[in-house]
Amino acid sequence: MRNAFPTGTVFVFVHDAWHGSGQWAATQRALAALGAASVAVDLPGHGFDAPLPTGYLLPGQPGLLTERSQLAALTMDDCAEAVLSVLHQVRHHRTVVLVAHSAGGGPASLAAERAPELVDRIVYLSAFVPGGRPRFFDYLGSPENATALGQNLNLGDPGALGAVRINPLSPDPVYLRELRETHYHDTPPDRFDRWRSALSPDLPLAIPTAPITLTAARWGRIPRTFLRCSEDRALAPAAQDLMIAEADRGFPGHPFTVRTLPGGHSPFAARPGELAAALASSGPGPRQFGTS
């Protein structure tokens with residue numbers, strides 16, 4: 001299928017915790033074949049410019065469990081502003097679709113709340129929706145998410161570190177097995193080492209803990225889609241459904257269009273072509289708001 005989008009459609013991608021803009025590259029190529037432009041955001045503290053704990057790349061990784069993160073002072077406002085900066089850059093496109101994955105749903109939602117006129121549709125890919133509860137941790141700790149994996153990946157005390165820290169370069173095969181089973185269980189095994197080596201170790205603590213307030217007059221007026229990951233082991237399908245249901249109750253004006261994808265938490269790694277096709281069917285629609 002080619003030219004699936006009207007000229008002028010652009011997707012703005014917001015990545016998950018510990019990832020960066022590069023996670024979207026294969027999906028972006030697939031979307032380009034369908035006629036859609038795209039740009040991927042690096043949230044502060046992520047991507048190739050992310051500051052690392054000083055011992056992270058040294059033998060034995062000294063201080064990894066205790067060294068305070070250089071990202072500790074980052075705020076949710078900082079992260080939302082990074083998304084808004086890109087939205088302003090692409091405002092000349094006729095149709096703008098904002099796509100967020102997992103923890104990226106927080107900054108994306110706050111950006112959309114602050115400038116709904118810049119977004120024609122927002123797509124949540126197994127992503128945090130603060131429509132019912134204001135913090136991502138509120139859903140991660142819910143009974144609906146009890147089956148999720150990954151509890152043993154976090155290092156040290158997040159409050160003391162100022163970050164949720166993981167160790168993608170761990171030499172421990174048990175730790176690496178849980179990392180793969182949580183985030184990449186359906187990604188080809190020979191690609192897992194490449195994916196984990198691209199992760200950064202620190203997620204600014206503000207991203208999962210800072211409360212976000214949405215309003216019906218702003219975020220609530222944007223059409224929205226939720227792409228559920230049916231075998232997600234990082235954010236359980238029941239927790240995804242809880243977020244959808246609570247957001248729809250709180251903001252009934254534009255209830256979610258829901259589509260279920262096969263596989264786990266990272267379809268951009270496991271099946272980017274299928275993810276692009278799902279985004280193609282998410283219905284970007286015409287611009288509904290002004291550009292001022």
Side-chain angles (χ1 to χ4, degrees), residues 5 8-25 27-28 31-32 36-51 69-125 127-130 134 136 162-163 198-200 202-215 217-225 268 279 282 284 287-292:
F5 298 97
T9 297
V10 62
F11 287 81
V12 175
F13 287 103
V14 183
H15 58 76
D16 185 13
W18 309 296
H19 287 73
S21 58
Q23 77 174 61
W24 300 109
T27 305
Q28 290 181 275
L31 280 171
S38 62
V39 60
V41 179
D42 269 324
L43 293 174
H46 292 79
F48 287 108
D49 292 331
S69 175
Q70 297 179 62
L71 312 181
L74 283 172
T75 67
M76 182 64 78
D77 287 338
D78 296 328
C79 297
E81 286 301 318
V83 179
L84 281 170
S85 176
V86 174
L87 290 174
H88 281 290
Q89 291 170 26
V90 302
R91 67 187 301 177
H92 57 282
H93 287 268
R94 187 166 67 211
T95 302
V96 177
V97 182
L98 180 59
V99 183
H101 178 232
S102 196
S109 297
L110 184 56
E113 169 69 20
R114 291 181 173 176
E117 70 278 2
L118 300 181
V119 181
D120 294 293
R121 177 170 289 272
I122 185 166
V123 178
Y124 292 85
L125 173 61
F128 167 48
V129 185
F136 195 15
L199 299 176
S200 54
D202 284 0
L203 170 68
L205 191 58
I207 289 183
T209 63
I212 297 171
T213 300
L214 303 179
T215 65
R218 300 183 69 79
W219 180 87
R221 77 191 200 191
I222 303 173
R224 58 185 186 262
T225 297
F268 48 82
L279 291 168
S282 65
R287 179 169 293 282
Q288 298 188 21
F289 313 122
T291 58
S292 59

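Every value quoted in this text rests on a predicted model; they were computed, and no experiment measured them.
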Sequence neighbours left out, cut at 3.5 Å: what donor-acceptor pairs do the side chains of residues 104-111 make with other protein atoms?
| residue | atom | partner | partner atom | Å |
| --- | --- | --- | --- | --- |
| Ser109 | OG | Gly105 | O | 2.6 |
| Ser109 | OG | Tyr124 | OH | 2.6 |

Which value, rounded to the nearest 0.5 Å, describes the distance between [X] atom [atom1] and [Y] atom [atom2]?
{"X": "Ile207", "Y": "Leu43", "atom1": "CD1", "atom2": "CG", "result": "5.5 Å"}
{"X": "Leu203", "Y": "Leu71", "atom1": "CG", "atom2": "CG", "result": "8.5 Å"}
{"X": "Leu98", "Y": "Thr225", "atom1": "CG", "atom2": "OG1", "result": "11.5 Å"}
{"X": "Gln23", "Y": "Gln28", "atom1": "CD", "atom2": "CD", "result": "10.0 Å"}

Taking the side chain as every heavy atom from C-beta outward, state whether [X] and [Y] have any pair of such atoms under 4.5 Å apart.
{"X": "Val99", "Y": "Phe268", "value": "no"}
{"X": "Leu279", "Y": "Thr27", "value": "yes"}
{"X": "Val123", "Y": "Arg224", "value": "no"}
{"X": "Trp24", "Y": "His101", "value": "yes"}

request  = Please collect all side-chain hydrogen bond (donor to acceptor under 3.5 Å, both in side chains) contacts where either partner lies in residues 203-215, sequence neighbours excluded, each pair once.
outcome  = Glu113-Thr215
inquiry  = Applying the side chain to side chain contact (heavy atoms under 4.5 Å, CB included) criterion to Val96, which one of Thr9, Ile122, Val90, Leu118 satisfies it?
reply    = Val90
Name each donor-acceptor pair under 3.5 Å that joins a side chain in residues 80-89 to protein atoms two or more places apart or in another chain, with its distance.
| residue | atom | partner | partner atom | Å |
| --- | --- | --- | --- | --- |
| Glu81 | OE2 | Arg114 | NH1 | 3.4 |
| Ser85 | OG | Gln89 | NE2 | 3.3 |

Heavy atoms only: give me the nearest [X]-[Y] pair and the separation to one decimal.
{"X": "Ala210", "Y": "Met76", "value": "CB-CB, 3.8 Å"}
{"X": "Thr75", "Y": "Asp78", "value": "N-OD2, 2.9 Å"}
{"X": "Asp202", "Y": "Trp18", "value": "C-CD1, 3.7 Å"}

key: Partners passing side-chain contact (heavy atoms from CB on, under 4.5 Å) against Ala37 (at least two apart in sequence or in another chain)   =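 Once residues adjacent in sequence are excluded, the partners of Ala37 under the side-chain contact (heavy atoms from CB on, under 4.5 Å) criterion are Val10, His93.
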Leu199 and His19: CA distance, side-chain angles, deciding distance, side-chain contact (heavy atoms from CB on, under 4.5 Å) verdict = CA-CA 5 Å; Leu199 299 176; His19 287 73; 3.6 Å; yes
[X] side chain to [Y] backbone, donor-acceptor under 3.5 Å:
{"X": "His46", "Y": "Ser200", "answer": "no"}
{"X": "Asp42", "Y": "Ser21", "answer": "yes"}
{"X": "Arg221", "Y": "Pro116", "answer": "no"}

ask   = Got a sec, which residues hit ring pair (Phe, Tyr, Trp, His ring centres under 6.0 Å) with Trp219, two or more places apart in sequence or on another chain?
value = Phe251
query = Phe128 vs Phe136 aromatic rings, parallel, tilted or perpendicular, using cut-offs 30° and 60°?
reply = parallel
Set of residues satisfying salt bridge (charged side-chain N to carboxylate O under 4.0 Å, His left out) with respect to Asp16, sequence neighbours excluded = none
